[in-house]
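What follows is a short report on a single structure.
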Amino acid sequence: MDFAASDLEAAGHRIPAGAGLDPACGDGVFLEEIRGWCGRLVGVDLDPDVLVGPVTAELSVGDGLEDDGRRYAVVVGNPPFGRERIGPFVRRFVSAAMPGGVVAVLLPESWFASRRDAETRNWALQHARCVSVTSVYGRDFLRTGTRARTCWSVWVRRDRPLSSVDDVDGDPPVLMRQPRDEEDHELAAAPGSRAFEVEVETAELRMAGRWDPRFYDPLWDDPLTSCVLPVRPLGEFVHDIVYGALGRGVRPRPHEGAGGFLYVGQKTLTEAGIVPARCPRIVDERPFVQERYTLRPGDLVVPRSGMGTLGKNLLTRWDGVPADCNAEGAVVDCFDDRVSLEGISSAWVLGVLRTEPGWWQIRRVITGVAQPNLSFKQIRALSMPVPSAAVQEEAERRWAEVRSGTQPFEHLRQLVRQACSGAA
Ligand SMILES: C[S@@+](CC[C@H](N)C(=O)[O-])C[C@H]1O[C@@H](n2cnc3c(N)ncnc32)[C@H](O)[C@@H]1O
């Protein structure tokens, strides 16, 4: 609540006179917090066993989603986090506020980050102005019994709804922060990380479709801002990008004996390349085997989604069918992208994407969402430092050593770090 009060003050907003509501108040912890803000307090909860609150509060057992017809100066609380319940609760919190009224609500971080919640998020943005979003951890709210990552957000109900969410561009910037509490925040515990507070323009928030503070951590920009190399969008070097056949109920037929195609999936990716022995061998037939899914030497294989692969930075490069493998070729499956590059060493690009300057851009995109994934558009938009031809040749040489097992991947990473810092 201290954040809410100071953020409203910084935004020059005065809380109007009127009552305060928590539509899912439980033991009334939030009503207690806004006692100094509102004359009358109203608390509703479905569960009579948990319903408590300040002695002066009007408490009732009931469905907090039901509109009681009243409009409140402050609507506060942490609604239940079930996916299907969040949307209705957000609408209730915002609708219950009077014009100029304040909504202070704790929601799952994913609600601010995911495309799945874009509809209610946009609805909320049309009806209320977002003042601040503060990432906190579930354990800061132990009584809720949740360990999910959450964000505390402060909103002001608009006098009139915006006709389109694009109009939020006219709103003042939103304060995004993670409190500077070393112990409570995972990022603060990570090497080189720190808590932060930034103001982000609403146009930027809308275009990125991301309202979670983690996405705007200045940390993500650091490796690139300190990079001495010219930087180009990776899309300028992308010749082709495609994922494998979906199959739609049909599975690839196994191929017995020599020949056939290697079916490259996420389980076959390692730091030192793709392990042919782990790839199922499939019959050369559509839809799985087609020219466009066929890997060419130098193509990158990028997992489309998944915490254990994309989330662990497990992308790699294909370098051709080994001579002793006796396969006609290799194709990607539908969970992996084949990224074909031209005009740049793909060993260099692989090195960058698996070192801070590239990986942190990917982390920024996938952070805070339950199921990390990377779209073609996001891959093309990645900023790629471009070194001299000599450094690119060195990247190819080092990747060959990584593949042969004579050097760890770190060897290629060191080249990236040196070249980006001007030392190579
Ligand atoms: C996450 S808890 C928050 C309670 C309290 N603020 C706390 O921190 O302990 C959510 C509360 O919502 C209540 N609840 C769930 N569905 C409800 C509904 N439709 N109407 C009112 N309360 C509801 C639950 O009983 C629970 O007490």
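Whatever order the structure lists them in is the order used to number ligands and atoms, beginning at 1. A quick note: this is a predicted structure, and the numbers were derived from the prediction, not measured.
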Per-atom contacts of ligand 1 with R85, taking only distances under 4.0 Å to non-hydrogen atoms: 15 (C), 16 (N)
N/O separation below 3.5 Å, F89 to ligand 1: no
Selection from V50, D49, L46 by shortest heavy-atom distance to atom 22 (N) of ligand 1: L46
ring-ring contact (aromatic ring centres under 6.0 Å, His included) assessment of F30 paired with W152: CA-CA 12 Å; F30 287 103; W152 177 244; 5.6 Å; yes
Non-hydrogen atom of E66 closer than 4.0 Å to ligand 1: no
Pairing of R177 and D7 as salt bridge, 4.0 angstrom limit: yes
From D212, T120, T150, residue fulfilling side chain to side chain contact (heavy atoms under 4.5 Å, CB included) relative to W111: T120
R338 to W318, cation-pi by 6.0 Å centre distance and 45° axis angle: no
Contacting atoms of ligand 1, where contact means under 4.0 angstrom from a heavy atom of G64: 18 (C), 20 (N), 21 (C)
Donor-acceptor pair between D171 and T202 side chains, under 3.5 angstrom: no
Heavy-atom closest contact (M98 atom, A17 atom, distance): CE-O, 3.8 Å
For D47, atoms of ligand 1 separated by under 4.0 Å from a heavy atom: 25 (O)
Selected option - heavy-atom contact closest to atom 13 (C) of ligand 1, from D45, V29, D63: D45
Any P23 heavy atom less than 4.0 Å from ligand 1: yes
Proximal ligand 1 atoms for G62, defined as those under 4.0 Å from one of its heavy atoms: 20 (N), 21 (C)
For F30, the ligand 1 atoms whose distance to one of its heavy atoms is below 4.0 Å: 6 (N)
Heavy-atom closest pair, residues D319 and W399: OD1-NE1, 2.9 Å
